[in-house]
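Working notes for the structure below.
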Amino acid sequence: MATTRSTHSTAHERNSRAARTADILDELDRTACPDRREQLFDELVEVNIGVARSIAGRYRNRGISDDDLVQVACLALVRSARSYDHSTGHDFLSYVVPSVRGELRRHFRDQGWMIRPPRRVQEIQSALERAESDLQATLGRTPGLEELAAEMCVSVAEVREALSATGCFSPVSLDQVTSTDAATIGDQLGAPDRELKALEARLVLAPLLRGLDARERRILELRFCRDWTQQEIANDIGVTQMQVSRLLSGLMARLRTRLEDKEGETAA
């Protein structure tokens, strides 16, 4: 019974809206007063704004906020109301609805992609939902890739590529939990491997260090591997801190020169 009452209520609202829309349009045809025409245009939009909101609602949860969708739909309704020509005899909503849908799709095409695939992929993905819905109603099951491709007159590879782009409107958050142990997508991503940089340094410096004597290698090891101070190094090798400072400066200058020479030979 509740469903029946709801259906009757919806039908009554639809009929009431259609009747009031027709009255407004008839008065617009008869009215030349600019102020009155503006009032009638405003009322025409107000009477049919529920239609615009309903169309916008069909595009929810695709990565664009509901408020933005409603705003786009309402602006499209306003433009359609002002450009509609009653003398053509076409129904007002049959003119407005495609215009609102087209404006929403353009908004998605131009503003909705967080990751923007090629235009051809966007177009195919936009048509996929409609094609899949039509085929499912005809076949009574979910259509396969080949059936979707045939319906849309595109290749299976293009359908597969468009399906792979699903989610570009609103990519999945890296904080989304993926398992029972509360691990997130971000937890499964690799991190920079510090050992790779260390390996590269060893490969570059090893030939240069082989040209140093034992005390020079000892000084570099204590300073850069063990992080000793200059005074601690001086105590270890039996010299003054000032001598250690001069030794380090000389070693670094020699290594830098050898490294630059090696890079020059490689480039040549």
Distance in Å, [X] [atom1] paired with [Y] [atom2], rounded so as to fall on 0.5 Å steps:
X	Y	atom1	atom2	result
Arg53	Arg58	CZ	CZ	15.0 Å
Leu139	Glu132	CG	CD	11.0 Å
Arg30	Leu40	CZ	CG	9.5 Å
Leu259	Met252	CG	CE	10.0 Å
Ile55	Cys74	CD1	SG	10.0 Å

Which residues share a side chain to side chain donor-acceptor pair (under 3.5 Å) with Asp91, sequence neighbours left out: none
Listed partners of Asp26 passing side chain to side chain donor-acceptor pair (under 3.5 Å), at least two apart: none
Pro143 side chain reached by Glu151 side chain, heavy atoms, under 4.5 Å: no
Return yes if some donor-acceptor pair links the side-chain N/O of [X] with the main-chain N/O of [Y] below 3.5 Å, else return no.
X	Y	value
Glu38	Asp35	no
Asp213	Glu216	yes
Glu103	Val100	no
Glu260	Thr257	no
Ser54	Gly50	no
Arg37	Thr31	yes
Asp236	Glu232	no

Exceeds 12 heavy-atom contacts within 6.0 angstrom, atom NE2 of His90: no
Arg215, CZ: over 12 other non-hydrogen atoms inside 6.0 angstrom: no
Determine whether the side chains of [X] and [Y] contain a donor N or O and an acceptor N or O closer than 3.5 Å.
X	Y	value
Gln241	Gln231	no
Tyr59	Arg101	no
Gln39	Arg36	yes
Glu13	Ser16	no
Asp85	Thr88	no

With sequence neighbours excluded, residues passing ring-ring contact (aromatic ring centres under 6.0 Å, His included) with Phe92: Tyr84
For Arg82 against Phe41, the heavy-atom pair lying closest together: NH1-CD1, 3.5 Å
